[in-house]
Amino acid sequence: MYEIWLTLNILFELGMQYLPAVIGTVVLWLALMIFAATRPGASWTKALAPAFITGLIATAITFFITPAMTKSSFANMGYWVDWMNLFFYAAAFGAVAAALAWPIAAYLHRKA
């Protein structure tokens, strides 16, 4: 239970530290959504597949490079909480990548 509490505290502190980046990303996403919504014929449903694939690629890359970026390795991850943190961290980056890719892909695709 201590590991979960420690994880939540770390996530809160990181969230507060990177709050300007989070706000900037949300503003960027809103600007992209407005920009794509103003294009006539933008295909939002056709854009889901490229956005999903972009999210999967970002998740996989983040999963494998994060331990090296933190000067750690997969061998140092001894607890299940460590693996879940890594997975959810990578999944969060993948979700952000997919959310940012969706309006761009919708803007580039046209309805047939």
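Taken to the nearest 0.5 Å, the NE2 atom of His109 stands 10.5 Å off from the CG atom of Leu48. Asn9 CG to Leu14 CG: the interatomic distance, rounded to the nearest 0.5 Å, is 11.0 Å. From Ile57, atom CD1 reaches atom CD1 of Ile61 across 6.5 Å, with rounding to the nearest 0.5 Å. Interatomic distance, CE of Met69 versus OG1 of Thr62, reported as 8.0 Å (0.5 Å rounding).
Shown here for Pro20 and Gln17, the closest heavy-atom pair between the two residues is CD-O, 3.9 Å. Annotation for Ala36 and Pro103: closest pair CB-O, 3.3 Å, computed over non-hydrogen atoms.
Listed by chain and residue number, nothing satisfies the ring-ring contact (aromatic ring centres under 6.0 Å, His included) test with Trp29 (two or more places apart in sequence, or in another chain). Residues meeting the ring-ring contact (aromatic ring centres under 6.0 Å, His included) test with Tyr18, sequence neighbours left out: none.
At least one donor-acceptor pair under 3.5 Å links the side chain of Thr70 to the backbone N or O of Pro67. Remark: side-chain polar atoms of Thr66 are not paired, donor with acceptor, to backbone N or O of Phe63 under 3.5 angstrom.
The distance between the ring centers of Trp44 and Tyr107 does not fall below 6.0 angstrom.
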Anything under 3.5 Å between a donor and an acceptor, one on a side chain of residues 84-100, the other on a protein residue two or more places apart or in another chain? List them.
unit_1	atom_1	unit_2	atom_2	d
Asn85	ND2	Thr7	OG1	3.3
Asn85	ND2	Val81	O	3.3

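Neither Leu6 nor Met16 shares a network with the other; the hydrophobic side chains, linked directly or stepwise wherever heavy atoms of I, L, V, M, F, W or Y lie under 4.5 Å apart, form separate groups for each. A continuous path of Ile, Leu, Val, Met, Phe, Trp and Tyr side chains, each step under 4.5 Å between heavy atoms, connects Leu108 with Leu32, placing both in one hydrophobic cluster.
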